[in-house]
Amino acid sequence: MEPDFLNAVTLPSTLDRFLTDDVTTKGEKRKLIKQTSNNPKLEELKLFLTEWINRTLKEEHIVVKSLEEDLYDGLVLHHLLENLGSLKLDVDKIALTEKKQRQKLSVILEAVAKCLQLEERQLKWSVESILGKDLLSTLHLLVAIAKHFEPTLALPPNVQVETITIETTSGGLKTSNAVEYITENKENIEAQTKDDAFDELFNCAPDKLDAVKKALLQFVDQHVGKLGLNVKDIESQLHNVNLALELLAEGGLLNFPVNSEDIVNGDTKAIMRVLYCLYSKYRAKEA
């Protein structure tokens with residue numbers, strides 16, 4: 001039995017949600033919010049988003065009471081996007097069958113990804129997760145929409161949740177736990193609003209970007225080569241991110257908080273910041 005499975009059996013509501021969805025395909029994963037304790041910041045965000053939606057759609061006489069229960073079929077999302085972004089979506093307002101709802105969500109989420117200029121690997125939601133009333137995916141989607149269409153909206157900062165990822169394997173259920181930010185870490189924002197050479201590099205000197213990436217890659221390759229590893233792509237060849245960042249922070253090697261989601265999603269700027277931090281510490285030690 002997987003050791004982490006013992007953690008999962010103490011979360012009956014989480015497992016019940018997983019098992020009742022008939023997720024039995026080997027290798028399939030589902031990430032859910034743990035429901036083990038009260039999370040005031042999470043409740044604050046849910047209330048904030050609910051009131052924001054109701055305020056935005058007041059003239060259309062739409063009232064949302066539950067983010068999971070009222071957004072899954074795409075109707076509210078459809079009205080919200082048309083209202084905020086003046087988007088005309090080529091899909092019926094009301095979808096009564098699951099097939100129609102899935103088709104409707106597919107059109108809506110495709111429009112969101114296009115507006116936000118997000119690639120598929122950067123999405124923290126899917127048609128199936130929204131249709132399945134998954135709170136974590138729904139929150140990520142709403143926060144992304146709010147930040148894009150109303151960037152001055154004062155979303156509650158530092159909202160994080162404990163998550164459990166459940167995977168079906170040939171040996172049964174395998175689980176892993178993590179902490180995930182839904183809204184930005186305020187300390188991270190403040191740290192990155194200071195003069196940042198990487199912001200200047202990306203914005204003002206993109207022609208030098210490849211040279212800097214090459215130098216950092218050589219530095220990484222030089223050291224991991226001793227372990228018999230070879231790194232050719234810094235965006236896609238990093239693993240065990242949460243553990244690595246924790247070890248770096250404990251060792252005093254990071255000057256600022258880092259969101260592991262940015263690293264996992266291949267955010268080049270975030271990855272280069274971490275590597276440069278390590279590089280500068282190493283050079284200082286050598287000196």
Side-chain angles (χ1 to χ4, degrees), residues 31 33 39-58 60 62 64 66-68 70-72 74-89 105-127 129-130 134-161 163 178-194 196 198-199 202-203 256-271 273:
K31 181 161 64 173
I33 295 176
N39 187 333
K41 287 192 174 182
L42 175 60
E43 295 306 315
E44 179 188 1
L45 177 63
K46 289 170 63 177
L47 179 60
F48 182 94
L49 290 171
T50 300
E51 292 179 344
W52 169 65
I53 293 171
N54 289 337
R55 186 170 64 250
T56 303
L57 301 181
K58 183 178 180 179
E60 299 181 46
I62 290 178
V64 170
S66 166
L67 296 180
E68 306 102 294
D70 294 340
L71 273 75
Y72 79 95
L75 175 63
V76 174
L77 289 171
H78 192 161
H79 281 276
L80 191 62
L81 288 174
E82 287 194 339
N83 188 290
L84 292 171
S86 299
L87 298 177
K88 295 300 179 184
L89 302 173
L105 282 172
S106 179
V107 172
I108 290 172
L109 297 185
E110 185 177 340
V112 171
K114 186 176 181 180
C115 282
L116 276 57
Q117 298 183 333
L118 294 175
E119 298 178 10
E120 185 174 353
R121 62 185 175 86
Q122 296 174 296
L123 301 178
K124 298 178 182 179
W125 55 82
S126 67
V127 170
S129 64
I130 300 299
D134 180 75
L135 178 60
L136 182 62
S137 296
T138 302
L139 289 173
H140 276 308
L141 174 61
L142 290 174
V143 167
I145 291 173
K147 286 170 60 178
H148 178 77
F149 290 108
E150 293 195 19
T152 60
L153 195 66
L155 287 163
N158 303 338
V159 179
Q160 61 180 23
V161 294
T163 65
V179 174
E180 184 169 327
Y181 275 97
I182 298 177
T183 60
E184 292 176 307
N185 184 329
K186 192 173 182 180
E187 294 178 355
N188 198 14
I189 297 172
E190 291 174 351
Q192 292 184 18
T193 53
K194 299 176 182 178
D196 189 315
F198 284 97
D199 284 329
F202 275 71
N203 296 331
F256 49 83
V258 177
N259 190 341
S260 61
E261 290 290 319
D262 292 337
I263 306 298
V264 172
N265 290 331
D267 187 307
T268 302
K269 192 186 296 186
I271 294 170
R273 280 194 177 107

| field | K124 vs E180, salt bridge (charged side-chain N to carboxylate O under 4.0 Å, His left out): CA-CA, chis, key distance, verdict | value | CA-CA 11 Å; K124 298 178 182 179; E180 184 169 327; 5.4 Å; no
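- Exactly one of V76, L105, I130 qualifies for a side-chain contact (heavy atoms from CB on, under 4.5 Å) with L71. That residue is V76.
- With sequence neighbours left out, S106 forms a side chain to side chain contact (heavy atoms under 4.5 Å, CB included) with V127.
- Inter-residue side-chain proximity for L142 and L77 is flagged as met; some heavy-atom pair is nearer than 4.5 Å.
- Take Q160 and apply the side-chain hydrogen bond (donor to acceptor under 3.5 Å, both in side chains) test, not counting sequence neighbours, and it matches Y181.
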| Hey, mind stepping through L139 and L42 against side-chain contact (heavy atoms from CB on, under 4.5 Å) and telling me if it holds? | CA-CA 10 Å; L139 289 173; L42 175 60; 3.5 Å; yes
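- Here D134 contributes atom CG and L141 contributes atom CG; the two are 11.0 Å apart, rounded to the nearest 0.5 Å.
- Counting only residues at least two apart or on different chains, the salt bridge (charged side-chain N to carboxylate O under 4.0 Å, His left out) pairs with a member in residues 42-55 are E43-K46.
- Applying the salt bridge (charged side-chain N to carboxylate O under 4.0 Å, His left out) criterion to K147, with sequence neighbours excluded, gives E184.
- Partners of L84 by side chain to side chain contact (heavy atoms under 4.5 Å, CB included), not counting sequence neighbours, listed by chain and number: W52, T56, L80, I145, F149, E150.
- Minimum heavy-atom separation, V64 to L67: CG1-CD2, 4.3 Å.
- Side-chain contact check for L45 versus K41: every heavy-atom pair is 4.5 Å or farther apart.
- Remark: E119 pairs with R121, Q122 by the side chain to side chain contact (heavy atoms under 4.5 Å, CB included) rule, at least two apart or across chains.
- Considering only residues two or more places apart in sequence or on other chains, E60 meets the side-chain hydrogen bond (donor to acceptor under 3.5 Å, both in side chains) condition with H79, N83.
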Kindly list each side-chain donor-acceptor pair under 3.5 angstrom involving residues 108-118, sequence neighbours excluded, with atom names and distances?
none

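- When side chains are defined from C-beta on, I62 does not count as touching D70, because their heavy atoms never get closer than 4.5 Å.
- Between the side chain of T183 and the main chain of P156, a donor-acceptor pair closer than 3.5 Å is present.
- Taking 4.5 Å as the limit, every side-chain heavy atom of V159 sits out of range of all side-chain heavy atoms of V143.
- Qualifying side-chain hydrogen bond (donor to acceptor under 3.5 Å, both in side chains) partners for S126, counting only residues two or more places apart in sequence or in other chains: S129.
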